[in-house]
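Below you'll find the structure, written out as structure tokens, and then a few comments.
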Amino acid sequence: MSGALGPLAIGAASIGNLYRAVPDDQAGAVVARAWDAGVRYFDTAPHYGFGLSEKRLGAALAELDPEQSAIISTKVGRRLDPRPDADLSAVRQAFVTPEPYESVFDYSYDAVMRSHEDSLKRLRRERVDILYAHDIGSFAHGDDHPRLFAEFLEGGYRAMRELRASGAVSAIGLGVNEVAVCEEMLAAGDIDLLMLAGRYTLLEQDPLDRLLPLCAERGVQLVIAGPYNSGILAKGVRGGSVPNFNYEPAPAAIVARVGRIEDICAAHGVPLAAAALQFPLAHPQVAAVVPGMGSVAQVDDALTLVRHPIPAAFWSDLRAAGLIRPDAPVPA
């Protein structure tokens with residue numbers, strides 16, 4: 001299955017109205033454009049728009065993919081609690097959604113089983129291929145992580161293993177923003193995939209130290225979400241404003257580093273975003289990159305960028321300037 005994931009997958013948080021409302025027809029057009037271009041892996045989650053992303057993805061694929069051949073991943077670990085008094089016009093937990101729910105962390109056995117069943121209904125699918133545990137780890141939970149991780153291992157992870165053993169899902173893993181919990185999970189149990197957001201990019205290669213060798217040893221592949229590090233590797237730093245890095249305005253050192261990368265991009269005629277999309281894919285453990293896409297134009301841009309020719313000298317210059325690690329694989 002992993003060989004069919006990439007190189008490009010669609011992250012469906014944006015069609016769940018991430019930060020701003022997206023019309024239904026625009027959301028459907030995003031999925032249709034990706035499908036028509038040959039993309040077959042779509043990632044979503046109950047948290048994305050409190051079910052809206054799953055509903056929209058399911059509605060679009062019901063027409064495009066009646067044989068259910070697409071590879072779908074969704075997530076568990078956040079249950080949806082009713083909020084009848086919610087202000088549906090406001091940004092709630094980063095989404096502007098008409099769904100009157102809120103997302104609450106719950107890594108228990110029963111919550112994971114219910115979440116999987118509810119996702120199937122919203123997605124209009126008989127099964128999903130990949131199930132990720134959503135946002136486990138200290139990045140999301142701080143000092144409460146040890147308690148929640150123990151709850152997950154005893155409950156939610158057991159449920160995920162049962163779903164995999166029964167054939168209800170093909171693969172299980174984590175969908176997270178940090179390296180430490182990935183290493184912790186590899187030591188604690190048996191998983192198939194890791195969706196890692198923003199930690200193995202043109203700007204960050206720390207996973208080369210331990211995580212990627214561990215994945216190679218265990219036969220675990222990675223799906224790299226957030227390849228633009230929250231936007232800075234898509235927009236660059238030449239526009240006059242400070243782009244986001246890791247969900248916050250980029251610090252000066254990161255802005256300076258991206259500026260140096262942009263200088264080398266300009267010298268070789270390489271779009272910064274093309275380099276950002278293609279760099280993670282050079283590692284043999286990386287099965288796909290998953291940028292978020294909220295419009296047809298963004299889908300078209302990603303399709304162009306992931307195929308943009310990049311000369312070997314570009315990567316050599318980045319390495320010589322100390323802007324990527326000497327042991328980081330680069331595209332051939």
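- By the side-chain contact (heavy atoms from CB on, under 4.5 Å) test, K121 pairs with E117, D118, sequence neighbours left out.
- Atoms CG and CG, from L148 and D106 in turn, are 9.5 Å apart once rounded to the nearest 0.5 Å.
- When side chains are defined from C-beta on, P291 counts as touching P227, because their heavy atoms get closer than 4.5 Å.
- There is no path of hydrophobic side-chain contacts, each under 4.5 Å, that joins L194 to V290.
- Between P243 and V237, some side-chain heavy-atom pair lies under the 4.5 Å cut-off.
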Practice prompt. Please test L131 against T74 for side-chain contact (heavy atoms from CB on, under 4.5 Å), starting from the C-alpha separation and ending with a verdict.
Written response: CA-CA 5 Å; L131 209 56; T74 192; 3.8 Å; yes

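- For the residue pair E54 and T44, no side-chain donor N or O sits within less than 3.5 Å of a side-chain acceptor on the partner.
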Exercise answer: donor-acceptor pairs, residues 316-330 side-chain atoms, under 3.5 Å, sequence neighbours excluded:
{"residue": "S316", "atom": "OG", "partner": "A312", "partner atom": "O", "Å": "3.2"}
{"residue": "D317", "atom": "OD2", "partner": "H268", "partner atom": "NE2", "Å": "2.7"}
{"residue": "R319", "atom": "NH2", "partner": "A328", "partner atom": "O", "Å": "2.5"}
{"residue": "R325", "atom": "NE", "partner": "D327", "partner atom": "OD1", "Å": "3.0"}
{"residue": "R325", "atom": "NH1", "partner": "D209", "partner atom": "OD1", "Å": "2.9"}
{"residue": "R325", "atom": "NH2", "partner": "D209", "partner atom": "OD1", "Å": "2.9"}
{"residue": "R325", "atom": "NH2", "partner": "D327", "partner atom": "OD2", "Å": "2.8"}

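- Criterion: ILVMFWY side-chain heavy atoms under 4.5 Å apart, direct or through other members. Under it, I224 and Y228 are part of a common hydrophobic cluster.
- No more than 12 heavy atoms of other residues, nucleotides or ligands sit less than 6.0 Å from atom CD of E63.
- Separation of atoms OG (S119) and CZ (R125) is listed at 12.5 Å; rounding is to 0.5 Å.
- Taking CZ of R92 as the reference point, atom OG of S103 lies at 11.0 Å (rounded to 0.5 Å).
- The heavy-atom pair separating V76 from S115 by the smallest distance is CG1-OG, 3.7 Å.
- Here R40 pairs with W35 under the side-chain contact (heavy atoms from CB on, under 4.5 Å) rule; sequence neighbours left out.
- N229 places a side-chain N or O within 3.5 Å of a backbone atom of G198 that can act as its donor or acceptor partner.
- In this structure, L5 and Q221 have side chains that are not in contact, with every pair of non-hydrogen atoms separated by 4.5 Å or more.
- Hydrophobic clustering (side-chain heavy atoms under 4.5 Å, transitive across Ile, Leu, Val, Met, Phe, Trp, Tyr) groups V306 together with I261.
- For the residue pair D110 / S108, no side-chain donor-acceptor distance below 3.5 Å is found, with atom types taken as modelled.
- Inter-residue side-chain proximity for H116 and V112 is flagged as unmet; no heavy-atom pair is nearer than 4.5 Å.
- Between K75 and D43 there is a side-chain heavy-atom pair separated by less than 4.5 Å.
- Judged as a side-chain hydrogen bond (donor to acceptor under 3.5 Å, both in side chains), the pairs with a partner in residues 7-21 (not counting sequence neighbours) are, in order, N17-R56.
- When all heavy atoms of Y132 and M160 are compared, the pair lying nearest together is C-CE, 4.0 Å.
- Nearest heavy-atom pair across I232 and A250 is CD1-CB, 3.6 Å.
- Residue pairs satisfying the side-chain hydrogen bond (donor to acceptor under 3.5 Å, both in side chains) criterion with at least one member in residues 280-300, sequence neighbours excluded, are listed as follows: R33-D300.
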Worksheet item: Under the side-chain contact (heavy atoms from CB on, under 4.5 Å) criterion, do V179 and D206 qualify, and how do the steps go?
Response: CA-CA 8 Å; V179 171; D206 287 350; 5.5 Å; no

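- Atom CG of D144 is separated from atom OG of S138 by 10.0 Å, given to the nearest 0.5 angstrom.
- The heavy-atom pair separating G51 from L80 by the smallest distance is N-CD1, 3.9 Å.
- At least one donor-acceptor pair under 3.5 Å links the side chain of Q205 to the backbone N or O of L202.
- Each side-chain hydrogen bond (donor to acceptor under 3.5 Å, both in side chains) pair with one or both residues in residues 172-197, not counting sequence neighbours, appears once here: D135-N177, H145-E184, R164-D190, R164-D192, N177-Y247, E183-R210.
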Discussion item. The test is side-chain contact (heavy atoms from CB on, under 4.5 Å); show your working for Y41 and V223 and say whether it passes.
Written reply: CA-CA 11 Å; Y41 175 28; V223 173; 4.2 Å; yes

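- Put simply, the side chain of R127 gets close to the backbone of G167: a donor and an acceptor are under 3.5 Å apart.
- Under the 4.5 Å side-chain contact rule for hydrophobic residues, V289 and V176 share a cluster.
- With sequence neighbours left out, the side-chain contact (heavy atoms from CB on, under 4.5 Å) criterion links A34 to I10, V39, F42, V299.
- By the salt bridge (charged side-chain N to carboxylate O under 4.0 Å, His left out) test, D85 pairs with R83, sequence neighbours left out.
- Distance check, rounded to the nearest 0.5 Å: CG of L214 to CE of M185 gives 13.0 Å.
- No donor-acceptor pair closer than 3.5 Å links the side chain of Q278 to the backbone N or O of P331.
- Under a 3.5 Å cut-off, the side chain of R161 and the backbone N or O of I172 do not form any donor-acceptor pair.
- For F279, the ring pair (Phe, Tyr, Trp, His ring centres under 6.0 Å) criterion is met by Y200, not counting sequence neighbours.
- R124 and G58 get closest at one heavy-atom pair: CD-O, 4.1 Å.
- The two residues A159 and M113 come nearest to each other via the heavy atoms O-CE, 3.8 Å.
- Ring-plane geometry between F152 and F149 is classed as tilted, the angle between the planes lying from 30 to 60 degrees on a 0 to 90 degree scale.
- No single ILVMFWY cluster, assembled from side-chain heavy atoms under 4.5 Å apart, contains both Y107 and I130.
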Worksheet item: After noting the C-alpha distance and the side-chain angles of L123 and I72, does the key distance pass the side-chain contact (heavy atoms from CB on, under 4.5 Å) rule?
Response: CA-CA 9 Å; L123 287 163; I72 307 294; 4.1 Å; yes

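- With T97 contributing its side chain and G49 its backbone, the two residues share a donor-acceptor pair below 3.5 Å.
- Identified under the ring-ring contact (aromatic ring centres under 6.0 Å, His included) test for residues 45-97, with sequence neighbours left out: H47-F95, H47-H134, Y48-H134.
- Partners of A29 under the side-chain contact (heavy atoms from CB on, under 4.5 Å) rule, at least two apart in sequence or in another chain, are V296.
- Sequence neighbours left out, the pairs with a member in residues 236-246 that pass side-chain hydrogen bond (donor to acceptor under 3.5 Å, both in side chains) are R199-N246, R238-D263.
- K235 NZ to L272 CG: the interatomic distance, rounded to the nearest 0.5 Å, is 12.5 Å.
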